[in-house]
Amino acid sequence: MPESSLTFYGTKWCGDCLRVKFFLDRKKIMYKWINIDHDPEAEAFVIKTNGGLRSVPTIVFEDGTILVEPSTKTLAEKLNLD
């Protein structure tokens with residue numbers, strides 16, 4: 001998967017973000033990481049996307065679909081991984 005096809009909005013202190021990051025790294029899935037604590041535009045995107053909530057991880061896929069705080073199982077299914 002090319003690096004630009006998955007965009008991962010998160011924070012370094014979020015437990016769910018760490019879990020997803022570990023999963024993607026372990027599966028060798030390339031992604032663009034954006035720390036919303038350091039990017040006001042990205043933070044605004046996350047808040048707008050999530051109905052006013054600063055919910056992370058927010059993951060945007062190449063096809064335009066978005067998963068917010070996905071379980072590992074849901075993320076694996078979306079990526080067609082076993």
Side-chain angles (χ1 to χ4, degrees):
M1 180 176 280
E3 186 170 344
S4 62
S5 65
L6 188 146
T7 304
F8 179 167
Y9 296 89
T11 64
K12 289 189 174 186
W13 51 264
C14 166
D16 283 337
C17 294
L18 294 173
R19 174 184 52 79
V20 168
K21 205 168 170 90
F22 176 78
F23 173 79
L24 294 173
D25 290 344
R26 190 181 67 208
K27 296 293 185 178
K28 297 182 180 10
I29 304 295
M30 300 297 291
Y31 55 90
K32 179 179 179 182
W33 163 256
I34 301 176
N35 185 340
I36 67 168
D37 283 337
H38 300 291
D39 187 328
E41 288 180 23
E43 180 184 34
F45 169 79
V46 167
I47 290 169
K48 181 180 179 187
T49 299
N50 295 299
L53 300 175
R54 196 173 184 265
S55 301
V56 289
T58 295
I59 304 169
V60 181
F61 296 86
E62 184 175 32
D63 64 4
T65 59
I66 298 173
L67 290 178
V68 179
E69 299 177 353
S71 68
T72 302
K73 179 181 178 189
T74 299
L75 186 55
E77 289 170 354
K78 174 65 179 168
L79 294 169
N80 295 317
L81 302 173
D82 295 322

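Computed from a predicted structure; not experimentally measured.
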Measure up the Phe8 and Trp33 rings against each other and bin them: parallel (under 30°), tilted (30 to 60°), perpendicular (over 60°).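 Rings of Phe8 and Trp33: perpendicular, as their planes differ by over 60°.
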
What distance do [X] atom [atom1] and [Y] atom [atom2] have between them, rounded to the nearest 0.5 Å?
{"X": "Ser71", "Y": "Glu77", "atom1": "OG", "atom2": "CD", "value": "7.0 Å"}
{"X": "Ser5", "Y": "Lys32", "atom1": "OG", "atom2": "NZ", "value": "12.0 Å"}
{"X": "Arg26", "Y": "Leu81", "atom1": "CZ", "atom2": "CG", "value": "10.0 Å"}

Go through the steps to decide whether Asp16 and Lys21 satisfy the test salt bridge (Lys or Arg N to Asp or Glu O under 4.0 Å), and finish with yes or no. CA-CA 8 Å; Asp16 283 337; Lys21 205 168 170 90; over 6 Å; no

Which residues end up grouped with Tyr9 if you chain together Ile, Leu, Val, Met, Phe, Trp and Tyr wherever their side-chain heavy atoms are less than 4.5 Å apart?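 When side chains under 4.5 Å apart are linked, the cluster holding Tyr9 also contains Ile34, Ile36, Phe45, Val46, Val56, Val60, Ile66, Val68.
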
Taking all non-hydrogen atoms of both residues into account, name the closest pair between [X] and [Y] and its distance.
{"X": "Pro70", "Y": "Ile59", "result": "CG-CD1, 3.9 Å"}
{"X": "Asn35", "Y": "Thr11", "result": "OD1-CA, 3.8 Å"}
{"X": "Cys17", "Y": "Pro57", "result": "SG-N, 3.7 Å"}
{"X": "Glu69", "Y": "Ser55", "result": "OE2-CB, 3.7 Å"}

Quiz question: by atom type and distance under 3.5 Å, do the side chains of Thr58 and Asn50 form a donor-acceptor pair?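 There is such a pair (donor and acceptor under 3.5 Å, judged by atom type) between the side chains of Thr58 and Asn50.
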
Side-chain heavy atoms of Leu79 within contact of Phe23, under 4.5 Å: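 In contact.
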
Using a 4.5 Å cut-off on heavy atoms from C-beta on, say whether the side chain of Lys12 contacts that of Asp37.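 With C-beta onward as the side chain, the pair stays apart.
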
Please answer: with hydrophobic residues joined when any side-chain heavy atoms are less than 4.5 Å apart, are Leu18 and Leu6 in the same cluster?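 In one cluster with Leu18: Leu6, no.
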
Please determine whether residues Phe22 and Ile29 belong to a single hydrophobic cluster, defined as Ile, Leu, Val, Met, Phe, Trp and Tyr linked transitively by side-chain heavy-atom distances below 4.5 Å.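 Not linked; separate clusters.
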
For Lys78, which residues count as a side-chain hydrogen bond (donor to acceptor under 3.5 Å, both in side chains) partner, sequence neighbours excluded?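 Lys78: side-chain hydrogen bond (donor to acceptor under 3.5 Å, both in side chains) contacts with Asp63, Thr65.
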
